[in-house]
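Accompanying notes for the structure given below.
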Amino acid sequence: QVQLVESGGGLVQPGGSMRLSCTTSRLINSFKNMGWYRQAPGKQRELVAVTTSGSPNYADSVRGRFTISRDNAVNTVYLQMNSLKPEDTAVYYCKAESYFGSDYWGKGTPVTVSS
């Protein structure tokens, strides 16, 4: 069974920065892609950023502020979040998609942007 463990969430002031980490129990290169999603209270889960073997893709709401990266040596995907806004408050989830169409999710890490 594939396990994804997120970390790095917490409370940050508007305009601040935070880095989330997602470590997998399987080699990152064994997945078709890996991404970060978020779900705010009362809203549907939405894509934040996704990384494949090519260029990463970002939601319009975070492009230019967030950066997704990966370290294959430690099977970890990161989400660097800068210029955070209150509307970025959500539970952030890591997802891995296999080449066979299976999706694996982490349990999520909460991010609160507030003064």
Side-chain angles (χ1 to χ4, degrees):
Q1 183 69 15
V2 176
Q3 292 184 329
L4 283 68
V5 180
E6 303 101 333
S7 62
L11 174 64
V12 62
Q13 293 186 342
S17 297
M18 181 176 286
R19 189 178 79 161
L20 305 181
S21 301
C22 171
T23 301
T24 73
S25 60
R26 187 182 292 179
L27 293 175
I28 288 182
N29 286 337
S30 68
F31 298 114
K32 179 179 180 181
N33 61 60
M34 294 197 66
W36 287 95
Y37 291 71
R38 67 185 181 186
Q39 187 166 17
K43 296 188 177 181
Q44 290 187 335
R45 192 171 298 188
E46 62 177 1
L47 172 69
V48 175
V50 63
T51 178
T52 64
S53 57
S55 299
N57 290 313
Y58 298 94
D60 290 342
S61 59
V62 306
R63 187 175 291 112
R65 299 188 298 122
F66 290 12
T67 302
I68 187 170
S69 61
R70 53 199 288 168
D71 187 339
N72 294 342
V74 292
N75 297 324
T76 300
V77 176
Y78 303 99
L79 185 68
Q80 177 66 43
M81 306 184 293
N82 299 327
S83 302
L84 282 160
K85 306 175 181 179
E87 50 263 44
D88 294 318
T89 295
V91 178
Y92 284 71
Y93 297 89
C94 179
K95 190 189 91 168
E97 180 183 349
S98 77
Y99 285 96
F100 303 101
S102 297
D103 291 340
Y104 304 96
W105 292 89
K107 294 182 178 180
T109 183
V111 172
T112 302
V113 184
S114 175
S115 55

Salt bridge between R38 and E46, side-chain N to carboxylate O under 4.0 Å?
yes
Determine, for D60 against R63, whether the closest basic-nitrogen to carboxylate-oxygen distance falls under 4.0 angstrom.
yes
Minimum heavy-atom separation for [X] and [Y], please, with both atom names.
X: Q39; Y: K43; result: NE2-O, 3.1 Å
X: N29; Y: R70; result: OD1-NH2, 3.3 Å
X: Y99; Y: S30; result: CD1-O, 3.5 Å

With no hydrogens and no angle check, is any side-chain donor or acceptor of [X] less than 3.5 Å from a backbone partner on [Y]?
X: R65; Y: S83; answer: yes
X: T76; Y: V74; answer: yes
X: E6; Y: G108; answer: yes

Single-linkage hydrophobic cluster [X]~[Y], side-chain heavy atoms < 4.5 angstrom:
X: V50; Y: V91; result: yes
X: V5; Y: V2; result: no
X: Y37; Y: V113; result: no
X: L20; Y: Y93; result: no

How long is the gap from [atom1] on [X] to [atom2] on [Y], to the nearest 0.5 Å?
X: T52; Y: E97; atom1: OG1; atom2: CD; result: 10.5 Å
X: Y104; Y: T24; atom1: OH; atom2: OG1; result: 11.5 Å
X: Y58; Y: T51; atom1: OH; atom2: OG1; result: 7.5 Å
X: T109; Y: L79; atom1: OG1; atom2: CG; result: 11.0 Å
X: S114; Y: L84; atom1: OG; atom2: CG; result: 12.0 Å
X: L4; Y: K107; atom1: CG; atom2: NZ; result: 11.5 Å

Taking everything shown except Q44 itself, do over 12 heavy atoms lie less than 6.0 Å from its CD?
no
Is L27 close to N75 at the side-chain level, that is, under 4.5 Å between some pair of heavy atoms?
yes
Taking the side chain as everything from C-beta on, heavy atoms only, tell me whether C94 gets closer than 4.5 Å to W105.
no
Check the angle between the aromatic planes of Y92 and F66 and answer parallel, tilted or perpendicular using the 30° and 60° thresholds.
tilted
Can you tell which of I68, V62, N57, D88 makes a side chain to side chain contact (heavy atoms under 4.5 Å, CB included) with V48?
V62
Do the numbers put R19 on top of the ring of Y78, so that NZ or CZ is under 6.0 Å from the six-membered ring centre and no more than 45° off the axis?
yes
CA sep, side-chain torsions, deciding dist, call: N82, S17, side chain to side chain donor-acceptor pair (under 3.5 Å)
CA-CA 4 Å; N82 299 327; S17 297; 2.9 Å; yes
